[in-house]
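First comes the structure, then the notes that go with it.
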Amino acid sequence: MRKFEYKPPRVHSGELRTPVTFYEYVPKPGPDPGEQEKKVLYECMAKVDKVWLKDLERAKTNGTVSDVTVTIRDPHADYIPTDKHYLSIDHPYYKDMKYNVKDVLPDLQQKDFINIVGRFEK
């Protein structure tokens with residue numbers, strides 16, 4: 001029989017330190033085409049993962065400037081992120097960068113968290 005060894009969780013709520021805002025673009029009023037931001041959908045604290053070399057390679061192959069992985073607590077029915085939403089990170093390094101949500105990956109080992117991949121395109 002296998003000996004039980006406690007493995008601490010990969011992410012815990014103490015690491016959620018960065019404010020993140022999820023929003024969507026809405027059509028501009030009037031006859032001119034285009035969109036304007038922001039209908040805020042959800043605001044929360046998140047863990048922003050470091051950019052790994054594989055993320056930079058993925059960004060190059062996709063033709064994007066940068067990718068970022070954000071981990072948030074699972075909001076259940078309050079908010080369900082989709083690829084039509086955008087996110088902004090409230091931190092000086094990410095100032096004026098709007099990320100398009102590309103992938104939403106529920107963490108199957110820890111059902112309390114969701115991983116979200118965002119892409120910044122110029």
Are Tyr99 and Tyr86 close enough that their ring centres sit under 6.0 Å apart?
no
With the 4.5 Å side-chain cut-off for hydrophobic clustering, are [X] and [Y] part of the same group?
X	Y	result
Val101	Leu41	yes
Met45	Phe113	yes
Val48	Met97	yes

On the 0 to 90° scale, with breaks at 30° and 60°, tag the His91-Tyr94 ring pair as parallel, tilted or perpendicular.
perpendicular
Partner of Leu87 by side chain to side chain contact (heavy atoms under 4.5 Å, CB included), out of Ile116, Ile72, Asn100
Ile116
Within this structure, what is the CG-OG1 distance for the pair Asp49 and Thr71, rounded to the nearest 0.5 Å?
4.5 Å
Can you name the closest pair of heavy atoms from [X] and [Y] and give their distance?
X	Y	result
Lys98	Phe120	O-CD1, 3.4 Å
Ala46	Val20	CB-CG2, 3.4 Å
Ile80	His76	CG1-O, 3.8 Å

Is the closest side-chain heavy-atom distance between Ile114 and Pro75 below 4.5 Å?
yes
Could I get the full list of side-chain hydrogen bond (donor to acceptor under 3.5 Å, both in side chains) partners for Ser88, not counting sequence neighbours?
none
For Tyr42, give me all partners under side-chain hydrogen bond (donor to acceptor under 3.5 Å, both in side chains), at least two apart in sequence or on another chain.
none
Can you list everything that forms a salt bridge (Lys or Arg N to Asp or Glu O under 4.0 Å) with Glu15? Sequence neighbours excluded, please.
Lys47
